[in-house]
Visitor: 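One structure, as structure tokens, below. Some questions next.
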Amino acid sequence: MVTFSQFVVTVAILSLIDRTSSFSMGAPDSACAQMTPGHSHPPQTDTPPANLTLTRNIVLPGEMIGIELTTGDASRFKGFIIQARSVKQKDRQIGSFVVSGDDASYMTCGRGIHNSITHRKSNGKSSVKAQWRAPTDFEGEVIFRYTCLKEYQTFWVGLETQPVRVTRSIEEPIEVTTDSSDSDNTNVSKADILEPSVKTDGELNNVNSIEVVDKDDIDKDAAKNSEFGFAFIDSKNEEEVEEDDIPQPAQSAVIPQPSSSTEEKIEEEENFTPIYISSTTTLKTTTTTTEEPKEPLNIINGILQHTDPQDSIFAGCNSTKACFGLPAGCVESQKCLLIVAYKPDRLDYHFEMKGLSNGYIAMGLSRDERMGDDLTTSCIIQSNGGVDIITGFNIGYNGNKNIQRGSGKRGSKEAMRDGIVERIDYSRKEGWISCSWKRTRQSTIEGQNWDLESDKYHVMLAQGSVQDGRLNKHRSKIVSGNPAGLGEVGPVKAKSRLFILLHGSFMIGAWVCAASLGIMIARYYKQTWTASRCCNLDQWFIWHRMFMMLTWGLTIAGFVLILLELDGLSKTFDTNPHALLGFITVGLCFLQPFLALIRCSPNHRYRGWFNWVHWFIGNSAQILGIVCIFYAVDLSKAQLPRPETDWLLVGFVAFHFITHLLMSCVTCVSESQSNKSGYPLAMRPMTRNGHAYPDYEELKRDAPGSSVRIFVLIVYMLVNVIVTAALILLVVMAPTRSTLEEFGILPTVQA
């Protein structure tokens with residue numbers, strides 16, 4: 001029977017379980033400063049099982065040296081932390097590491113990037129290799145400090161290596177070996193090589209001269225006992241020099257050194273004699289591998305504008321886990337604004353997400369690739385600056401409902417009310433939000449069953465701002481194309497945006513370019529090019545009809561494409577008038593050519609009514625089309641950049657208005673020059689003194705000022721085409737804003 005004291009002891013032991021933390025996937029960022037595992041055990045003080053060795057002890061700024069943490073015997077270690085610190089400021093991590101393989105991962109401590117490394121897995125290791133890159137703006141001594149863990153309770157903290165010198169003036173000793181077949185081969189140290197000496201005017205012929213003598217004539221004992229004994233090398237193991245060789249400075253030559261009277265001149269003179277190395281020695285050959293320079297990171301105001309290609313979140317993408325990022329295709333280039341990676345983890349699913357945002361980043365699981373009835377997980381910046389992981393549920397198209405976090409014992413059904421088993425990491429650093437969590441395979445949220453193991457889902461990503469703890473409408477989003485199981489490993493392709501891109505491009509080409517040119521020609525160019533006709537039709541009418549038919553064709557094609565994309569009516573009728581105005585514009589555009597086909601003759605009494613109706617429908621459709629494009633900028637599907645698109649549209653409207661005003665002035669001047677009371681514009685009354693006024697078909701000569709009108713038309717066409725091309729470029733490439741920023745088309749902005 002269990003006594004009361006045994007019960008108390010058992011409870012006390014169990015209460016300590018949650019006070020200790022083990023990190024099988026590497027040390028947390030909280031271990032950056034002290035490099036101490038949170039294992040509630042004191043560190044060891046005896047000899048560690050592993051030592052950190054370096055390939056060099058001198059390095060140039062910006063260059064790399066190899067490091068290796070290895071055991072000296074058959075023992076193994078499970079965990080480690082390695083940092084490089086300045087000797088003068090040992091609390092400052094400097095430089096950056098480059099790792100490969102699955103044994104090590106990066107840590108980011110302080111203000112640096114990848115300035116520490118730790119273990120990725122807790123399996124036993126006998127050796128871990130990495131490379132360290134010296135900072136480009138640092139010179140001085142660096143020590144490598146490391147922590148080594150053998151077992152949970154057995155670890156060594158704060159071990160240090162010998163200093164490494166980072167300097168721009170490296171003078172390493174040249175290691176040479178004598179070329180001899182005997183077993184007593186000796187190495188010639190730096191002192192054995194003739195050092196350069198300074199040429200001075202007074203001692204040019206004695207102090208710095210080298211006397212070439214026969215080595216058989218040298219008294220070896222006397223030379224060794226002389227003040228130049230350090231320059232004597234016993235050459236009994238050297239090969240014999242053939243008699244017909246050109247005399248070389250003998251290795252046993254007695255070389256005087258500068259006297260104390262010339263020491264002050266050494267620093268002033270720069271003319272040195274060359275270093276002589278005996279022909280009987282061979283230099284140690286070394287092989288140098290030059291790494292390709294890393295592409296510089298795009299950092300603005302201290303904030304990285306896309307993920308670092310060396311970020312650990314990319315490790316295993318498409319091989320051991322699935323990865324999906326924003327913008328589309330960024331996983332291949334490893335330059336994402338937002339990325340999520342997921343994989344099965346025993347009975348659960350492990351997710352990790354990272355994104356550039358000042359509010360929130362979120363991922364969603366959808367059954368139909370459209371917003372509504374979706375399971376979401378958001379990493380939100382709280383009012384206190386911290387980050388929290390919140391489960392949500394999309395209600396329709398306009399809102400997201402937060403699911404209350406469960407409570408109770410970890411792993412219990414009540415604790416997993418929101419489907420999240422464990423919140424592993426949630427942090428924010430330098431504008432980037434990072435979070436990782438585990439979600440249970442099956443859960444019931446808002447009355448819907450979510451089976452991550454059996455069902456297939458579209459993956460959604462979004463980023464946006466937060467207000468009072470609530471998610472605002474996302475600034476940007478992306479949806480995967482085909483539904484897939486979360487256990488499937490491989491590339492996750494984004495949903496095709498071809499229909500959306502074509503819809504936007506067709507509508508811009510129709511109403512910004514073609515319709516504007518067609519209306520301009522019909523209004524101001526009826527009395528231009530009258531000397532030439534084609535198919536018995538005036539030139540202006542041919543151009544007008546061509547541009548308006550092009551407008552009609554592009555509009556109908558764009559309308560059909562967006563219906564196919566939406567698979568029905570738009571869900572933005574209540575929030576954005578773009579869809580409603582678009583329907584009206586398409587309707588007016590569709591009727592216009594059929595009304596033109598049934599127009600009456602120029603002398604018919606109802607011709608004036610036709611002219612006014614034709615004019616009203618055409619201008620109304622163009623105005624609504626331009627306004628519709630303005631409202632399209634607010635649509636999340638368009639992903640158009642603001643305010644660049646707005647300013648471009650405003651500039652075009654202003655230019656279009658100024659051109660109309662200028663052409664009206666040109667027309668008034670033309671009328672006054674023709675000494676007529678009024679020019680027979682089609683919009684004026686069609687009768688004068690009870691007689692029909694001659695219509696444009698009866699006018700056979702150019703009105704005055706035709707050259708000015710043609711010049712204005714050419715300028716207007718050029719500007720119109722340039723604006724249209726720029727808008728279409730924004731439509732097509734705006735989802736990859738980083739591309740436009742690289743070309744200098746858009747300024748760089750912070751998320």
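Numbers here simply count residues along the sequence, with the first being 1. Computed from a prediction, not measured in an experiment: that's the story for all the values here.
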Visitor: Begin with the C-alpha distance, continue with both residues' side-chain angles, and end with the deciding distance and a verdict on side chain to side chain contact (heavy atoms under 4.5 Å, CB included) for V731 and M507.
Guide: CA-CA 11 Å; V731 169; M507 291 303 185; over 6 Å; no

Visitor: Between R523 (side chain only) and M520 (backbone N and O only), is there a donor and an acceptor less than 3.5 Å apart?
Guide: no

Visitor: One pair to check against side chain to side chain contact (heavy atoms under 4.5 Å, CB included): I339 and F314. What are the steps and the verdict?
Guide: CA-CA 9 Å; I339 181 174; F314 293 104; 3.3 Å; yes

Visitor: May I ask you to check whether over 12 heavy atoms, not counting those of F583, lie within 6.0 Å of atom CZ?
Guide: yes

Visitor: Short question: side chain of N720, backbone of L718 - any donor-acceptor pair under 3.5 Å?
Guide: no

Visitor: So does D311 pair up with K354, basic N to acidic O under 4.0 Å?
Guide: yes

Visitor: Under 3.5 Å, is there a donor-acceptor pair between the side chain of K321 and the main chain of I313?
Guide: yes

Visitor: Do N603 and S601 pair up side chain to side chain, a donor and an acceptor below 3.5 Å, judged on atom types alone?
Guide: no

Visitor: Should C323 and V340 be marked as a side chain to side chain contact (heavy atoms under 4.5 Å, CB included) after you check the CA-CA gap, both sets of side-chain angles, and the distance that decides it?
Guide: CA-CA 6 Å; C323 300; V340 63; over 6 Å; no

Visitor: In Å and rounded to the nearest 0.5 Å, what is the CG to CG distance from L624 to L588?
Guide: 6.5 Å

Visitor: Atom CG of N358 and atom CD1 of I361: how far apart are they, to the nearest 0.5 Å?
Guide: 12.0 Å

Visitor: Within this structure, what is the CZ-CD1 distance for the pair F351 and I389, rounded to the nearest 0.5 Å?
Guide: 11.5 Å

Visitor: Do we see a donor-acceptor contact under 3.5 Å between the side chains of H544 and Y525?
Guide: no

Visitor: When the ring centroid of Y716 is compared with that of F655, is the distance short of 6.0 Å?
Guide: yes

Visitor: As an exercise, state the distance from CG of L517 to CE of M546, rounded to the nearest 0.5 Å.
Guide: 8.5 Å

Visitor: In terms of side-chain heavy atoms, does Q334 have a donor or acceptor partner in T307 at a distance below 3.5 Å?
Guide: no

Visitor: Cut-off 3.5 Å, side chains only: do S357 and W432 have a donor facing an acceptor?
Guide: no

Visitor: Stepwise, does the side chain to side chain contact (heavy atoms under 4.5 Å, CB included) test hold for I478 with K495?
Guide: CA-CA 8 Å; I478 192 171; K495 178 185 176 183; over 6 Å; no

Visitor: Would you say the side-chain atoms of R428 pair up with the backbone N or O of V387, donor to acceptor, closer than 3.5 Å?
Guide: no

Visitor: Determine the sole option in T551, T555, T724, T585 for which the side chain to side chain donor-acceptor pair (under 3.5 Å) test with W511 is passed.
Guide: T555

Visitor: In terms of side-chain heavy atoms, does N400 have a donor or acceptor partner in T376 at a distance below 3.5 Å?
Guide: yes

Visitor: Any donor and acceptor pair, going by atom type alone, linking the side chain of S620 with main-chain N or O of I617 inside 3.5 Å?
Guide: no

Visitor: Is it true that H604 and F610 have ring centroids separated by less than 6.0 Å?
Guide: no

Visitor: Within the distance-only criterion (no hydrogens, no angle test), does the side chain of H474 pair as donor or acceptor with the backbone N or O of A462 below 3.5 angstrom?
Guide: no

Visitor: Can you measure from OG (S496) to CG (L501) and round to the nearest 0.5 angstrom?
Guide: 7.5 Å

Visitor: Hey, does the side chain of Y524 reach the backbone of I519 with a donor-acceptor pair shorter than 3.5 angstrom?
Guide: no

Visitor: ring-ring contact (aromatic ring centres under 6.0 Å, His included) for Y342 and F324? Distances and angles first, verdict last.
Guide: CA-CA 9 Å; Y342 51 90; F324 185 50; 8.7 Å; no

Visitor: Over all heavy atoms of both residues, which pair between A362 and S378 is shortest? Give the atoms and the distance, please.
Guide: CB-OG, 3.5 Å

Visitor: Does Q305 use its side chain to pair, donor to acceptor, with the backbone of I303 at less than 3.5 Å?
Guide: yes

Visitor: Going through the checks in order, is the ring-ring contact (aromatic ring centres under 6.0 Å, His included) test met by W543 and W540?
Guide: CA-CA 5 Å; W543 286 103; W540 77 266; over 10 Å; no

Visitor: Between E430 and L304 (side chain of the first, backbone of the second, donor and acceptor by atom type, cut-off under 3.5 Å), is there such a pair?
Guide: no

Visitor: Is it the case that the side chain of D468 and the backbone of R470 share a donor-acceptor pair, with hydrogens and angles ignored and the cut-off at 3.5 Å?
Guide: no

Visitor: Once rounded to the nearest 0.5 Å, what's the spacing between atom CG of L365 and atom CG of D374?
Guide: 8.5 Å

